[in-house]
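Ligands are counted one by one from 1 in listed order, and the atoms in each one are counted from 1 as well. In this text, all values refer to a predicted model and were calculated from it rather than measured experimentally.
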Amino acid sequence: HIKERGRGDFRFYQTQMNVDLLARMKIDHAMREALVDQRFRLVYQPQVDLRTGRLIGAEALIRWSDEVLGEMLPAQFIPIAEETGFIVSLGAWVLREAIRQGEIWQAEGIDIMMSVNVSAVQFHQANFVDSLAKSLSSSGLPPNRLELELTESILIQNVEETQLRLDALVDLGVRLAIDDFGTGYSSLAYLKRFPIHKLKIDRSFVQDIPDDESDAAIATAVINLARSLNLRAIAEGVENETQRRFLLDAGCDEYQGYLCSPPVEPADFVVLVSKLGLSEIFEPRQQVATH
Ligand code: C2E
Ligand code: MG
Ligand code: MG
Ligand code: MG
């Protein structure tokens with residue numbers, strides 16, 4: 001009996017795998033066409049000062065409306081793009097587009113940080129730093145107004161090479177943030193070793209604040225860690241005033257989340273700018289520990 005069920009399960013999984021593979025191949029193909037046809041776009045979510053509510057930055061988030069597949073969210077296609085390597089082209093487009101938008105806003109007097117997600121495959125490409133340097137030098141966006149959001153998984157691969165690359169990025173003048181902090185292979189050693197400017201506290205630690213005592217304790221600990229290492233702390237996914245109040249009292253610097261605004265189209269972002277006003281931009285605090 002067990003044997004038979006085992007075989008059946010195997011067949012089921014195999015069929016399922018083929019279906020998944022086919023679906024993934026379809027999405028991969030559609031993404032390549034969408035890039036050529038310019039059907040990707042970026043939306044921008046405000047990052048604001050927790051105290052004043054004024055605008056500090058914008059996180060660029062990718063969107064794709066496909067004729068056949070409909071409106072696709074990053075969770076539905078970014079993992080596939082990472083698997084197939086298409087993320088290298090897509091990520092390069094994201095960086096160029098975010099830099100272009102940042103440049104437009106700078107020219108309009110909207111002086112904010114432009115924050116861009118970088119995936120591991122993209123980061124570890126040999127020419128990543130060079131091509132970013134080129135994009136920046138041919139643009140009017142000051143390098144210190146570009147922030148790269150890196151995940152912990154990036155930092156644990158090829159530590160030596162990663163170190164060189166992060167140093168080169170900081171030499172260019174760009175800022176570095178760790179995204180989804182605390183959800184990856186958290187190794188506190190890399191905070192000491194790498195030239196990081198900001199920790200982004202993952203939404204999973206924020207959503208049940210203050211009822212969930214462990215989450216509240218973790219969020220507070222990350223904020224304290226950031227402060228003692230002279231890094232800035234930003235909370236992700238802040239949806240209500242209770243969460244904002246808690247984070248403010250805990251000493252967090254910034255937040256982003258639906259409480260302020262979901263990610264919006266560029267024209268709507270400009271409306272938010274005039275509504276919220278601009279904050280001063282904080283230069284990175286002196287690093288306590290370097291390599
Ligand atoms: P992330 O970088 O952690 O981005 C934050 C996500 O939380 C975004 O989802 C955002 O829309 C969502 N969010 C913001 N505020 C709230 C809130 O108050 N409540 C809730 N429930 N959600 C909130 P999104 O846009 O679907 O992106 C998901 C993930 O996909 C991102 O997580 C990021 O890892 C990845 N991603 C998005 N755009 C890009 C991109 O251009 N390149 C790369 N490599 N990854 C991207
Ligand atoms: Mg992010
Ligand atoms: Mg995040
Ligand atoms: Mg997150």
Side-chain angles (χ1 to χ4, degrees), residues 31 34-35 39-48 50 57-65 70-102 113-125 128 132 135 146-154 175-184 186 196-209 215 219 222 232-244 246-247 252 254-265 268-269 272:
M31 279 192 290
L35 188 59
R39 271 185 276 117
F40 286 102
R41 64 187 200 286
L42 296 181
V43 288
Y44 299 88
Q45 185 175 40
Q47 301 180 322
V48 298
L50 255 171
E59 179 174 20
L61 294 155
I62 195 165
R63 293 293 181 269
W64 168 28
S65 356
E71 183 73 22
M72 301 280 286
L73 284 169
Q76 298 169 288
F77 61 89
I78 291 286
I80 298 169
E82 283 172 340
E83 229 173 87
T84 63
F86 178 64
I87 193 69
V88 174
S89 315
L90 189 59
W93 175 82
V94 169
L95 270 166
R96 282 198 309 275
E97 178 62 15
I99 289 171
R100 191 186 67 83
Q101 184 62 71
M113 289 295 285
M114 178 61 80
S115 217
V116 182
N117 294 284
V118 173
S119 102
V121 186
Q122 186 187 356
F123 179 87
H124 290 293
Q125 279 290 302
F128 177 71
L132 179 63
S135 303
L146 180 68
E147 179 176 76
L148 302 181
E149 297 195 3
L150 311 172
T151 55
E152 290 168 315
S153 63
I154 289 181
R175 306 291 189 239
L176 304 174
I178 303 183
D179 205 353
D180 308 333
F181 185 77
T183 60
S186 306
I196 302 296
H197 300 107
K198 191 192 266 188
L199 300 184
K200 299 196 73 177
I201 304 166
D202 192 64
R203 183 167 67 87
S204 61
F205 301 124
V206 172
Q207 59 190 1
D208 296 325
I209 280 175
D215 286 344
V222 174
R232 284 183 71 80
I234 178 167
E236 297 186 294
V238 175
E239 296 183 353
N240 60 55
E241 186 52 33
T242 315
Q243 293 164 342
R244 192 192 69 89
F246 179 92
L247 292 158
C252 193
E254 305 171 25
Y255 84 91
Q256 63 184 98
Y258 297 164
L259 175 62
C260 176
S261 166
V264 296
E265 305 290 332
D268 297 318
F269 191 86
L272 278 170

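Residue-level proximity to ligand 1 for Pro263 is carried by the side chain, the only part with a heavy atom below 4.0 angstrom. Contact annotation: for Leu259 versus ligand 1, there are no heavy atoms closer than 4.0 Å. Using a 4.0 Å cut-off between heavy atoms, Asp179 contacts ligand 1 through its side chain alone, with no backbone atom that close. Contacts of Gln45 with ligand 1, taken as heavy-atom pairs under 4.0 Å, involve the side chain alone. No part of Gln256 comes within 4.0 Å of ligand 1, judged by heavy-atom distances. If you look at Val94 next to ligand 1, the close heavy atoms, those under 4.0 Å, all belong to the side chain.
A heavy-atom separation below 4.0 Å is found between Glu239 and ligand 1. Heavy-atom separations between Arg63 and ligand 1 include at least one value shorter than 4.0 Å. Not a single heavy atom of Gly91 sits under 4.0 Å from any atom of ligand 1. Under a 4.0 Å heavy-atom criterion, Glu59 is in contact with ligand 1. For the pair Gly237 and ligand 1, a heavy-atom separation below 4.0 Å is found.
Between the side chains of Gln47 and Gln256, at least one donor-acceptor pair of N or O atoms lies under 3.5 Å. At a cut-off of 3.5 Å, with distance as the only test, no side-chain donor of Arg100 or Ser135 sits close to an acceptor on the other residue. Using a 3.5 Å distance cut-off with no hydrogens or angles, the side chains of Ser115 and Glu147 do pair a donor with an acceptor.
Residues Phe86 and Leu35 are in side-chain contact: their nearest non-hydrogen atoms beyond the backbone lie under 4.5 Å apart. Looking at Met72 and Met31, their side chains never come closer than 4.5 Å, going by heavy atoms from C-beta outward.
At a cut-off of 2.8 Å, measuring from the Mg ion (ligand 2), the protein N, O or S atoms that fall short of it are Glu59 OE2, Asn117 OD1, Glu149 OE1, Asp179 OD2, waters left aside.
In this structure, Gln76 contributes its side chain and Leu73 its backbone to a donor-acceptor pair below 3.5 Å. Side chain of Glu152 to main chain of Phe181: no donor-acceptor pair is present (N/O by atom type, distance under 3.5 Å, no hydrogens or angles). Remark: the backbone N or O of Leu176 is paired with a side-chain donor or acceptor of His197 at under 3.5 angstrom. The backbone N or O of Glu239 lies less than 3.5 Å from a partner atom in the side chain of Gln243, making a donor-acceptor pair.
Atoms of ligand 1 lying under 4.0 Å from any heavy atom of Gly257, numbered from 1 in the order shown and given with element: 15 (N), 18 (O). For ligand 1, the atoms lying closer than 4.0 Å to a non-hydrogen atom of Arg203 are 19 (N), 20 (C), 21 (N), 22 (N). Close contacts between ligand 1 and Ser119 involve ligand atoms 44 (N) [criterion: under 4.0 Å to a heavy atom].
Among the atoms of Pro74, none of the N or O lies under 3.5 angstrom from an N or O of ligand 1.
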Derivation of the side-chain contact (heavy atoms from CB on, under 4.5 Å) call for Leu132 and Leu148: CA-CA 11 Å; Leu132 179 63; Leu148 302 181; 4.0 Å; yes
Residue pair Gln122, Val94: steps toward the side-chain contact (heavy atoms from CB on, under 4.5 Å) verdict: CA-CA 11 Å; Gln122 186 187 356; Val94 169; 5.9 Å; no
Worked verdict on Arg244 versus Leu50 for side-chain contact (heavy atoms from CB on, under 4.5 Å): CA-CA 7 Å; Arg244 192 192 69 89; Leu50 255 171; 3.3 Å; yes
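Of all heavy-atom pairs between Leu272 and Val264, the closest is CD1-CG2, 4.0 Å. Pairing each heavy atom of Phe205 with each of Asp215, the nearest pair is O-CB, 3.5 Å.
Within the set Val43, Leu61, Leu95, Asn117, the minimum heavy-atom distance to atom 43 (C) of ligand 1 is found for Asn117.
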